[in-house]
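Everything on this sheet refers to the single structure shown next.
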Amino acid sequence: MTVLQIIFLGISVIIVIGALMTVSSPNLVHAALWLILALAGVAAIFVLLEASFLAVVQVAVYIDAISILIVIAVMLTRRAMGETERQINRSWLLAAFAAFMVFSGILSLFSQVPQLANTPSDLVESSEFYIQELGKALVNVDQSIIPFEVASVLLLAAMIGAIFIARPPERAGGDS
Amino acid sequence: MGDPFTLIADFLRDLLLGFGLDPGLTTAILKFVGAAVTATIALTLTFFTIWLERKLIARFQDRLGPNRVGPYGLFQTVADFAKLLTKEVLVPEGADRSVFMIAPLLVVMSVVGLWAVVPFAPTLFGSDINVGVLYLVSIGSVGTLGIMMAGLSSNNKYALLGAFRTVAMMLSYAVPMILTLLIPTMLAGSMGLTKIVEAQNPVWFVILSPIAAFIFYISSLAEVGRTPFDLMEAESEIVAGFHIEYSGISFGMFFVAEFLHAFTIAVLTVTLFFGGWQGPGAEAFPILGFVYFLIKTAILYFVIIWIRATFPRLRIDTINSISWKILTPLALAAVIFTAIIDKLTPGDGWARVPLHLAGSVILIGLTLIAFRAYARSIRKQSEGSGKSLAQTSEAGS
């Protein structure tokens with residue numbers, strides 16, 4: 001076992017613990033913080049894979065986004081800081097079953113991809129090249145510019161919707 | 001002689017290899033030593049910058065400032081920290097103990113982490129990752145998280161208010177800041193900070209895009225919460241904001257992080273817009289580059305203190321409207337202008353300066369026209385409402 005594998009296993013244990021605590025912590029804020037720990041572990045795995053772009057984006061998007069999530073959660077929910085919420089409801093068995101099925105489905109799907117059986121040494125060498133290719137593909141007419149633009153239109157629609165909802169109701173008979 | 005940094009690194013490497021260590025292990029050890037040295041220097045520097053800031057602000061306000069401990073009061077901060085260290089770290093009743101204790105660590109970590117990618121001299125940089133600019137953004141957001149955690153876990157209404165204000169403000173100002181970070185990236189053609197500094201060889205980016213440099217400077221001041229934007233710890237409104245419940249060394253950490261962050265803004269602005277270590281003879285003698293870097297940083301840091309000593313605090317609605325109504329549209333326009341002009345002018349060096357400058361002048365002109373129109377509409381509105389007020393009072397009497 002190499003040093004890299006030991007580090008990988010350590011990070012994986014942290015991710016799993018973080019994920020478990022996210023769903024089992026009775027305190028909403030703690031759950032969000034554990035989620036951040038799990039996502040930071042994923043970023044560390046990206047670093048191990050030399051995918052520094054993905055790692056940095058992971059931290060920027062998720063940690064920023066989740067600190068907002070905490071604020072919204074605290075402002076909108078009752079007893080957010082308390083430990084009174086129940087962790088399970090009636091359909092926990094069903095949910096566990098669904099999660100298990102999705103996980104095993106992904107696992108069996110990945111095990112059929114032939115490249116993944118090999119060691120990813122060639123990927124490590126040229127991760128920067130792949131990122132450049134990804135960037136070009138996103139704005140290339142022949143490749144994926146349409147999904148890219150559709151995604152941005154979707155985000156724009158979401159933003160307009162949010163502004164519309166947050167707008168104060170117009171006063172009846174007001175002059176402004 | 002001119003390059004002590006490589007000399008020291010080579011000496012240490014030879015020493016460790018001489019002990020019969022594995023080359024890979026040697027590199028790992030050197031990286032750890034480098035990280036420890038950088039963090040220690042950064043944190044020790046804070047002793048000096050805190051003294052400098054207090055002294056300068058005292059001068060601005062026609063006082064003497066610290067002048068009892070050591071020559072010119074130089075050891076005042078050391079004494080203050082000795083005091084902070086000996087104080088008890090109190091955890092308030094009903095606080096979220098573990099979150100409360102982790103929060104200051106995260107805040108300090110986010111500031112020191114910024115230093116990891118800054119090239120201080122041609123041969124002196126922590127890590128040259130190719131996504132350096134994005135790294136700055138993501139590490140900065142960890143600090144926001146730390147402040148959030150401090151505010152939420154303190155079990156104090158004022159701390160909570162401070163944390164909410166912080167998040168509202170940091171969100172607003174992250175947008176123009178990230179947009180302006182795109183401009184040096186575009187001009188240099190790379191996200192790595194070392195490449196960005198190298199690309200500023202004849203022309204600094206502040207000449208090519210003064211608007212971007214200005215917006216970056218302002219919005220990173222807001223990100224730290226320096227005085228015109230220090231809503232999160234507005235003493236007259238919410239006592240001390242998010243760190244109201246902290247005492248002893250955990251308060252000291254917030255304190256250090258804040259002052260170090262102010263200095264780090266100067267460091268980053270120099271790196272991104274003012275040519276980093278570039279200067280005459282810096283390529284041949286890296287130590288000269290380091291000196292240039294320090295001089296530029298000192299000048300920008302002085303301006304930060306100057307702003308702190310001069311400007312009063314803004315209101316929360318003004319702060320957010322400055323960001324959303326002025327800085328964000330301006331940054332967007334600057335990004336579009338820079339992208340188009342950068343495509344139009346091939347090559348680099350002085351050849352592309354006139355077009356870029358013309359673009360900046362047009363943008364500044366448009367901004368001024370927009371300000372004028374806005375001011376006129378405000379004036380008209382206030383005149384109108386003043387008239388109607390007068391009419392109602394006449395009618396009432």
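In what follows, every chain begins at residue 1, and chains take the letters A, B, ... in the order their sequences are listed.
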Q. Rounded to the nearest 0.5 Å, how far apart are CG of A/Leu33 and CD1 of B/Ile102?
A.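 These two atoms lie 8.0 Å from each other.
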Q: Compare all side-chain heavy atoms of B/Leu134 with those of A/Val57 and state whether any distance is below 4.5 angstrom.
A: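 In contact.
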(Q) B/Tyr246: which residues meet the ring-ring contact (aromatic ring centres under 6.0 Å, His included) condition with it, sequence neighbours left out? (A)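 Residues passing ring-ring contact (aromatic ring centres under 6.0 Å, His included) with B/Tyr246: B/Phe100, B/Phe254.
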Contacts under 3.5 angstrom, residues 150-164 of chain A side chains, donor-acceptor by atom type, not counting sequence neighbours:
unit_1   : atom_1 : unit_2   : atom_2 : d
A/Ser152 : OG     : A/Glu149 : O      : 2.6

Q: Please report the shortest heavy-atom distance between B/Ser138 and A/Val56, naming the atom on each side.
A: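 Looking at all heavy atoms of both residues, the closest pair is CB-O, 3.5 Å.
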